[in-house]
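Since the model is a prediction, treat every value here as computed from it, not as a measurement. Starting from 1, each residue takes its place in the sequence as its number.
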Amino acid sequence: MRVRLLVLSFALALMSYSDANAQSKVGTTAAGFLQIGVGARGVSMGETAVATGRDLSSLYWNPALAADLRGGAVQFSNTQWFAGIDLNYGAAMLDLGTAGKVAVSAYAMTTGEMDVITEERVDGTGEVFRVQDIMFGLTYSRRLTDRFNIGGTAKYVTSQVWNMSASSMAVDVGLTYRTPFDRVVLGMAITNFGTEMQLDGTDTAVRVDLDPRVRGNNDGIVANIRTGNWDLPVAFRFGAAYELMNTRANQLTVSADALYPNNNESYLNAGLEYGIMELLYLRGGYRQLFLADAEGGLSLGTGLAYRGLQADYAFVDRGRLGGVQYVSVGFSF
């Protein structure tokens with residue numbers, strides 16, 4: 001009864017959030033890198049990973065999935081984003097037995113060095129700068145029953161642009177429920193729920209004349225420009241995964257996720273994974289179904305798993321921006 005009440009409450013929260021945010025708010029949140037999916041497996045399945053997970057990229061989608069992973073594990077993932085931007089993700093997990101699982105993770109977006117250009121010096125000042133966003137996470141996940149998992153991640157998010165920086169604290173909360181229907185799993189998660197971010201630093205300092213009508217007063221008083229506060233990209237995710245086939249020779253999983261972000265309209269993702277001998281995996285999916293003005297959406301990928309070692313690759317079509325490649329390597333022990 002308690003499990004059913006929690007699932008029902010979560011579903012009602014999702015529906016309420018969707019109704020309250022029917023208007024699109026694209027580009028109105030900070031730390032946009034948190035919206036870029038992590039791990040080649042989940043991304044190649046159309047970002048349908050809230051109810052199914054096989055590696056530590058599960059921490060990004062739904063921290064409750066970590067409870068189903070066997071033993072300890074480590075993972076690293078790299079994404080070559082547009083315009084020379086690098087996205088790197090790393091995680092490590094320890095198995096505490098019946099006490100659950102604990103994990104740490106880090107996600108970083110970095111750009112190459114760029115020239116500082118001003119209105120007066122359009123060819124550059126000779127200085128360079130870079131943009132860097134980083135997330136550090138601490139996750140705890142455990143099984144409450146043979147059907148019900150819960151998990152949570154505490155996050156510290158920081159963003160730096162030359163001499164300016166901003167930071168925020170956030171949490172992810174998730175659950176999974178293995179239904180009485182054969183091989184059907186439901187997953188739900190709230191991600192990046194936290195404090196607002198506000199850029200601050202030496203670049204906000206300006207010199208002003210408080211009263212230009214008066215001659216002889218101090219016309220170089222140092223003041224600070226107040227920058228705006230911005231929310232993190234919060235997302236409510238609800239998903240389902242169904243194992244159509246699960247034998248030693250063949251495994252087939254289909255999955256679908258519904259997303260309700262605070263900076264866009266709601267949309268649907270769909271994906272599938274076909275495994276051969278639990279060794280070779282072929283994956284495909286489509287993201288942002290029914291979303292107006294979506295760019296691209298098709299994703300394809302493959303993976304190998306052997307004696308605890310797992311390597312995955314994904315290619316995602318981003319429409320007019322081109323394609324993006326993901327590579328992940330992990331080891332469980």
Undergrad: Which word best sums up how the rings of Tyr156 and Phe136 line up, parallel for under 30°, tilted for 30 to 60°, or perpendicular for over 60°?
TA: parallel
Undergrad: Quick one: do the Thr139 and Thr153 side chains pair a donor with an acceptor below 3.5 Å?
TA: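 Present: a donor and an acceptor within the cut-off.
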Undergrad: For Gln288 and Asn264, which I'm curious about, is there any donor-acceptor pair between the side chains at under 3.5 Å?
TA: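 Judged by distance alone, the side chains do not pair up.
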Undergrad: Verify whether one side chain among Ser77 and Arg41 offers a donor that lies under 3.5 Å from an acceptor in the other.
TA: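 Note: Ser77 and Arg41 side chains miss the donor-acceptor criterion.
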Undergrad: Say whether, by atom type as modelled, one donor and one acceptor occur between the side chain of Glu196 and the main chain of Asn229 under 3.5 angstrom.
TA: no
Undergrad: Before you tell me yes or no, could you show the steps for Gln251 and Glu243 under side chain to side chain contact (heavy atoms under 4.5 Å, CB included), namely the whole-Å CA-CA distance, both residues' side-chain angles and the distance that decides it to 0.1 Å?
TA: CA-CA 7 Å; Gln251 306 85 44; Glu243 294 180 346; over 6 Å; no
Undergrad: How far apart are the closest heavy atoms of Arg70 and Lys101, and which atoms are they?
TA: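 Looks like N-NZ, 4.2 Å.
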Undergrad: Could you report the tightest heavy-atom contact between Ala108 and Ile134, atom names first, then the distance?
TA: CB-CG1, 4.1 Å
Undergrad: I'd like to know if the side chain of Thr176 reaches the main chain of Leu65, judged simply by a donor and an acceptor atom lying under 3.5 Å from each other, with no hydrogens or angles considered.
TA: no
Undergrad: When you check the side-chain N and O atoms of Ser159 and Asp133, is any donor under 3.5 Å from an acceptor?
TA: yes
Undergrad: Take Val128 and Met114 through the side chain to side chain contact (heavy atoms under 4.5 Å, CB included) test and state the conclusion after the steps.
TA: CA-CA 5 Å; Val128 295; Met114 294 177 282; over 6 Å; no
Undergrad: Does the side chain of Ser44 come under 3.5 Å of the side chain of Ser299 through a donor N or O and an acceptor N or O?
TA: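 No donor-acceptor contact under 3.5 Å links the two side chains.
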Undergrad: Does Asp115 reach the main-chain N or O of Gly124 with its side chain, forming a donor-acceptor pair under 3.5 Å?
TA: no
Undergrad: Under the salt bridge (Lys or Arg N to Asp or Glu O under 4.0 Å) rule, collect the residues that match up with Arg283, sequence neighbours excluded.
TA: Glu273, Asp312
Undergrad: Please name the residue in the list Leu272, Thr302, Leu300 that meets the side chain to side chain contact (heavy atoms under 4.5 Å, CB included) test with Leu282.
TA: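 Exactly one pass, corresponding to Thr302.
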Undergrad: Of all residues at least two apart in sequence or in a different chain, which pass the salt bridge (Lys or Arg N to Asp or Glu O under 4.0 Å) check with Arg143?
TA: Asp68
